[in-house]
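Here's the structure we're looking at; comments come further down.
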Amino acid sequence: MVTLAFVLYKYFPFGGLQRDFLRIALSCQRRGVNIRVYALSWQGDLPAGFDLRIPPSSEVRALANHRRYEKFYAWLAADLVKEPVSRVIGFNKMPGLDVYYAADPCYAEKAKTARNPLYRSLPRYRHFAAAERAVFAPEAQTRVLMISALQKPFFQRHYGTPDARFHLLSPGIAHDRRRPDATKATLIRADFRREFGLLPDDLLLLQIGSGFKTKGLDRTLEAVKALPSTLRSRVRLLAIGQDAPAPFLRLGKRLGLSRQFSILAGRDDIPRFLLGADLLIHPAYHENTGTVLLEALLAGLPVLTTAVCGYAHYIAEANAGRVLPEPFLQANLNRALEELLTDPAERHKATEYALAYAQTADLHALPEIAADLILDGLCN
């Protein structure tokens with residue numbers, strides 16, 4: 001019987017990496033293989049049949065995260081020696097992987113271009129650099145499942161990873177993100193806006209994604225503050241994600257936006273928000289993919305995002321909003337936000353183009369393709 005070991009640092013229901021892991025693991029399970037999961041922590045329901053293994057806290061206790069991860073690797077390796085598996089699939093970079101799902105951007109590139117040179121002398125850097133090298137070094141055997149073509153050149157520049165080890169996946173957006181028929185969509189939107197106290201003239205600006213700093217929530221707040229006062233008074237900004245809200249609520253207060261800015265924890269009814277909002281904003285600093293961009297596209301919600309996002313090209317191809325070029329300039333975001341919010345005709349066209357694009361584009365196949373690659377040669 002084939003047994004696969006899936007490894008990730010932590011599972012919670014509302015992370016993009018975590019959702020991808022779960023859909024891929026379930027796809028593999030449906031093909032008749034056993035699923036074992038190693039994690040440092042797990043929040044939420046455990047699917048039937050999953051063998052979840054979390055190390056005793058005494059085995060991984062450490063003051064620094066990177067030391068905790070090192071102890072986790074050692075505990076994981078020892079457990080796999082006692083009970084071997086057919087393949088090990090990692091969703092974070094670490095030694096000993098047969099397959100790596102590349103949800104995160106190139107660490108070496110980020111350390112070189114976005115960090116002080118002294119950062120590369122720290123133990124934290126040495127740990128994460130070694131973990132990345134264990135996956136991408138030319139002599140490694142790990143197959144890499146890429147969800148963004150943008151990152152491949154960076155990995156190859158730093159490690160010389162052979163082309164043959166990279167496998168580019170199409171997106172894997174859940175089918176429930178697709179916009180329902182017009183009557184149902186209108187009812188859902190009306191109910192949602194009534195629930196949140198939105199007036200007919202109000203404009204709901206939506207930002208979704210765990211990790212508010214990475215996703216550029218500070219940029220969004222600055223752009224809302226820069227709007228003309230009459231327009232700004234009509235705008236409500238709602239951020240949703242699994243992160244500490246306090247720093248951003250303080251920023252919102254400092255900018256005078258407290259009355260129109262709210263943060264909600266991650267939740268599982270995102271399709272309602274996509275139908276109830278007027279614009280999705282996602283001015284990320286760095287983003288391997290940006291799954292929420294395609295979720296908005298499928299729902300027909302116009303998008304304002306940055307070109308650094310791996311999935312931003314879908315928005316441009318569909319003409320489903322605006323993609324800001326790199327290097328990022330706050331003035332460009334401010335201007336684009338004002339123009340989109342004051343032009344309902346542009347937003348309406350973006351909705352039409354998005355829904356038309358979604359009719360023909362394959363945006364759902366990732367879990368099945370990933371399962372094909374993971375099980376290649378195991379299930380005959």
Side-chain angles (χ1 to χ4, degrees), residues 6-11 15-18 20-21 38-40 60 62-74 76-77 88-163 165-169 209-216 242-243 284-291 306-312 326-328:
F6 287 82
V7 188
L8 69 168
Y9 291 147
K10 58 183 178 180
Y11 175 83
L17 178 154
Q18 287 76 12
D20 288 348
F21 144 73
Y38 291 94
L40 282 164
V60 294
L63 293 176
N65 270 342
H66 69 271
R67 283 290 298 134
R68 190 172 182 229
Y69 297 153
E70 288 170 359
K71 292 184 176 184
F72 177 55
Y73 304 161
L76 166 65
V88 181
I89 303 95
F91 284 73
N92 300 103
K93 299 161 191 163
M94 62 188 71
L97 301 180
D98 298 302
V99 179
Y100 168 62
Y101 182 82
D104 293 322
C106 179
Y107 180 75
E109 180 70 11
K110 182 180 176 183
K112 182 178 180 180
T113 60
R115 300 283 190 180
N116 186 295
L118 291 176
Y119 175 79
R120 297 197 291 277
S121 66
L122 298 175
R124 171 186 171 82
Y125 167 78
R126 291 195 293 272
H127 166 82
F128 287 109
E132 187 168 89
R133 175 164 288 280
V135 173
F136 289 96
E139 64 273 16
Q141 300 299 311
T142 308
R143 302 173 76 190
V144 181
L145 307 186
M146 297 292 295
I147 53 177
S148 170
L150 290 178
Q151 290 297 312
K152 181 182 173 183
F154 298 132
F155 289 122
Q156 292 190 311
R157 179 189 308 163
H158 290 280
Y159 303 105
T161 318
D163 277 336
R165 286 180 34 213
F166 289 96
H167 304 272
L168 184 62
L169 304 177
S210 299
F212 296 141
K213 183 176 181 180
T214 300
K215 310 302 185 191
Q242 194 90 353
D243 201 355
Y285 283 83
H286 54 86
E287 179 75 273
N288 198 17
T289 55
T291 299
T306 46
V308 74
C309 300
Y311 285 164
E326 292 294 314
F328 174 84

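What you see is a predicted model, and the numbers here were worked out from it, not measured in a lab. Heavy-atom basis, side chains included; hydrogens, waters and symmetry copies ignored.
With sequence neighbours excluded, the residues satisfying side chain to side chain contact (heavy atoms under 4.5 Å, CB included) with Arg165 are Ala140, Thr142, Thr161, Pro162. Not counting sequence neighbours, Arg126 has no partner by the side-chain hydrogen bond (donor to acceptor under 3.5 Å, both in side chains) test. Partners of Glu326 under the side chain to side chain contact (heavy atoms under 4.5 Å, CB included) rule, at least two apart in sequence or in another chain, are Thr306, Ala307, Val308, Phe328. Partners of Asp243 according to the side chain to side chain contact (heavy atoms under 4.5 Å, CB included) rule, which considers only residues two or more places apart in sequence or in another chain, are Phe212. Contacts of Lys110 classified as side chain to side chain contact (heavy atoms under 4.5 Å, CB included), with partners at least two apart in sequence or in another chain: Ala114, Arg115, His286. For Asp163, the side-chain hydrogen bond (donor to acceptor under 3.5 Å, both in side chains) test picks out Lys152, Gln156, with sequence neighbours left out. Taking Phe154 as the reference, nothing meets the ring-ring contact (aromatic ring centres under 6.0 Å, His included) condition, with sequence neighbours excluded. Under the side-chain hydrogen bond (donor to acceptor under 3.5 Å, both in side chains) criterion, Glu109 pairs with Arg157, His158, sequence neighbours left out. Evaluation of the ring-ring contact (aromatic ring centres under 6.0 Å, His included) rule for Tyr73 yields His127 as partners, not counting sequence neighbours. Partners of Tyr38 according to the ring-ring contact (aromatic ring centres under 6.0 Å, His included) rule, which considers only residues two or more places apart in sequence or in another chain, are Trp75.
Residue Leu169 holds its CG atom at 5.0 Å from CG of Leu145, rounded to the nearest 0.5 Å. Glu132 CD to Tyr107 OH: the interatomic distance, rounded to the nearest 0.5 Å, is 9.0 Å.
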Under 3.5 Å, which donor-acceptor pairs do the side chains of residues 95-102 form with other protein atoms, sequence neighbours left out?
residue: Asp98; atom: OD2; partner: Val88; partner atom: N; Å: 2.8
residue: Tyr101; atom: OH; partner: Asp20; partner atom: OD2; Å: 2.6

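Below 30°, between 30° and 60°, or above 60°: for Tyr159 and Phe136 the angle between ring planes is below 30°, a parallel geometry.
For residues 62-73, the pairs satisfying salt bridge (charged side-chain N to carboxylate O under 4.0 Å, His left out) are Arg67-Glu70, with sequence neighbours left out.
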